[in-house]
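Once you've had a glance at the structure underneath, I'll fire off some questions.
Letters go in sequence order (proteins before strands), and every chain restarts at 1.
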2 protein chains.
Amino acid sequence: MALERPTPTALNELEYISRQLEEDIALGRILPRERLIEEELAARFKVNRHVIRQVLSDLESIGIIVRQRNKGATVRDLSPADVENIYAVRELLEGKAAELIKLPPDPAVLAELKDIQRRHADAAANGNFTDVFRLNLQFHKAFFAACGNPQLAEAIQHFALKAHIARSLTISDPELLGRAVNEHKQMLDLMETGDRQRFVRMVVEHIIPSKDAYMENYRRRFGGSQSTGR
Amino acid sequence: MALERPTPTALNELEYISRQLEEDIALGRILPRERLIEEELAARFKVNRHVIRQVLSDLESIGIIVRQRNKGATVRDLSPADVENIYAVRELLEGKAAELIKLPPDPAVLAELKDIQRRHADAAANGNFTDVFRLNLQFHKAFFAACGNPQLAEAIQHFALKAHIARSLTISDPELLGRAVNEHKQMLDLMETGDRQRFVRMVVEHIIPSKDAYMENYRRRFGGSQSTGR
DNA sequence: CCCAACATGATTGTCAACAAAATAGACGAT
DNA sequence: ATCGTCTATTTTGTTGACAATCATGTTGGG
């Protein structure tokens with residue numbers, strides 16, 4: 001909601017590169033188990049290798065990548081059990097946030113959400129997946145910020161990021177996308193009407209399709225025979 | 001449950017220094033708003049400044065310290081609102097974990113918890129605050145690991161760490177300490193008897209006294225006149 | 001033909017020197 | 001006496017070079 005440039009220098013560079021890599025991973029441009037080589041990334045972003053090192057360290061602490069000493073970083077490969085666990089936490093956190101959000105919300109908040117929602121729907125209609133990804137992120141961020149507990153909102157974002165790895169293989173499914181757009185609209189409608197119970201249920205159930213899509217995709221790939229090992 | 005040394009080299013050095021600093025902060029040896037100077041820490045731990053840099057970056061991502069570009073790192077100063085928000089999330093997460101823990105628990109788990117609990121009580125009786133701190137951490141880690149969802153357990157630890165900053169000023173209160181020891185015992189007892197409802201309530205209420213102590217301490221220091229600024 | 005030891009190349013980890021920025025202290029003007 | 005400004009010092013940020021480690025390919029013996 002404004003040009004944010006507290007320091008025009010390299011501090012935001014870290015953020016920028018992190019976001020970019022998160023996006024690459026979420027959109028399936030970099031796949032699980034794929035290596036992330038420091039020097040390559042340094043060349044790509046035209047930046048010193050140390051900067052990349054820092055970024056990789058951040059991504060590791062989020063849980064998006066895994067690093068092994070002297071062996072480098074790879075995109076984390078989530079097991080179905082991991083995904084179940086992540087989604088269980090998401091359900092808990094997002095459900096709680098939905099209970100806390102003021103209904104009906106501040107007009108300013110609602111206006112912002114509606115604006116993001118509209119642009120998200122446009123991007124989806126145009127098949128612009130990069131924008132869809134970014135605007136979806138923005139929507140959820142603004143949405144859960146409305147719960148009034150920044151700590152909770154941060155935790156929600158944290159786990160949403162983790163889940164993005166799982167979604168990378170199904171993120172461009174047009175059916176899921178259409179459904180998500182539709183549900184965002186419904187969430188905003190329920191906000192306005194102020195039906196708390198249905199609102200909370202809608203928020204919680206909103207994340208389920210992406211989990212199911214992952215599970216189905218996994219089963220399709222590995223069938224019944226595969227250890228659940230990490 | 002064994003000596004963990006996957007790499008005997010410097011990878012654990014980061015962990016060690018992080019833990020040490022967390023402990024210093026939690027025990028009030030380093031206070032909120034106090035500066036953490038890279039070179040001093042490098043000298044103290046006999047390590048290169050880059051290692052310290054890495055550690056500070058980790059602590060920042062946890063939310064224990066704050067870094068400003070070209071200005072260095074300080075221990076984060078939590079506002080009462082921050083503390084309320086952190087504890088709200090803790091309550092949510094730990095309550096859910098309590099619902100998930102198998103009752104009665106595996107004998108091995110119970111035995112481990114009882115062992116830690118005994119040593120914790122001993123340390124408390126001897127006024128050995130460093131050991132009290134470490135064993136308390138161990139207890140909660142082992143306890144919540146029993147919920148079966150590692151993602152949830154990790155989030156719980158994450159927020160417990162944040163809360164430690166708030167506890168630094170009241171951590172050596174003997175009354176609180178005695179109460180905590182007592183409550184740990186009760187938690188184990190309720191595990192064995194398998195009374196789910198009372199068990200969950202006990203777990204959730206266990207964290208309240210430390211929050212109240214912070215709030216009281218804050219009021220005592222600042223009275224009624226003080227902005228709630230971050 | 002296959003396996004093991006070795007040599008080579010690729011990749012990450014560590015370090016010390018340099019550059020940039022901010023803080024603290026001294027000085028002078030009002 | 002107070003404020004602002006300038007300089008010196010402290011502290012953080014950045015870079016390039018070097019060392020350690022791991023993965024790969026190759027050669028020689030069985």
DNA chain D contacts among residues 34-44 of chain B, heavy-atom distance under 4.0 Å: B:R35, B:L36, B:I37, B:E38, B:E39
Candidates D:dG16, C:dC15, D:dT21 - which lies nearest the side chain of A:N70: D:dT21
B:H206 and B:H140 aromatic ring geometry - parallel, tilted or perpendicular at 30°/60° bounds: parallel
Neighbour count above 12 (heavy atom, 6.0 Å) for B:Q20 CD: yes
Over 12 foreign heavy atoms within 6.0 Å of CZ, A:R221: yes
Between P of C:dT14 and NZ of B:K46, the distance in whole Å: 19 Å
B:G72 vs A:K71, nearer the 5' end of DNA chain D by closest nucleotide: B:G72
Partners meeting side chain to side chain contact (heavy atoms under 4.5 Å, CB included) with B:K114 (sequence neighbours left out): B:L110, B:L188, B:E192
Nearest-Å distance for atom pair CG/P, residues A:N12 and D:dG13: 14 Å
Of residues 50-64 of chain A, the positions that come close to DNA chain D - non-hydrogen atoms, cut-off under 4.0 Å: A:H50
Shortest side-chain distance from A:R49, nucleotide among C:dA22, C:dA17, D:dA17: D:dA17
Sequence neighbours excluded, every pair satisfying ring pair (Phe, Tyr, Trp, His ring centres under 6.0 Å) that has a member inside residues 147-174 of chain A: A:F133-A:H164
A:Y16 six-ring centre to A:R19 NZ/CZ under 6.0 Å and within 45° of normal: no
Nearest-angstrom distance from the residue atom CZ of A:R69 to P of D:dC22: 9 Å
Test salt bridge (charged side-chain N to carboxylate O under 4.0 Å, His left out) applied to B:E34 - qualifying residues, sequence neighbours left out: none
Length of the CG-P vector between B:L14 and C:dT12, whole Å: 17 Å
Set of residues satisfying salt bridge (charged side-chain N to carboxylate O under 4.0 Å, His left out) with respect to A:K102, sequence neighbours excluded: A:D106
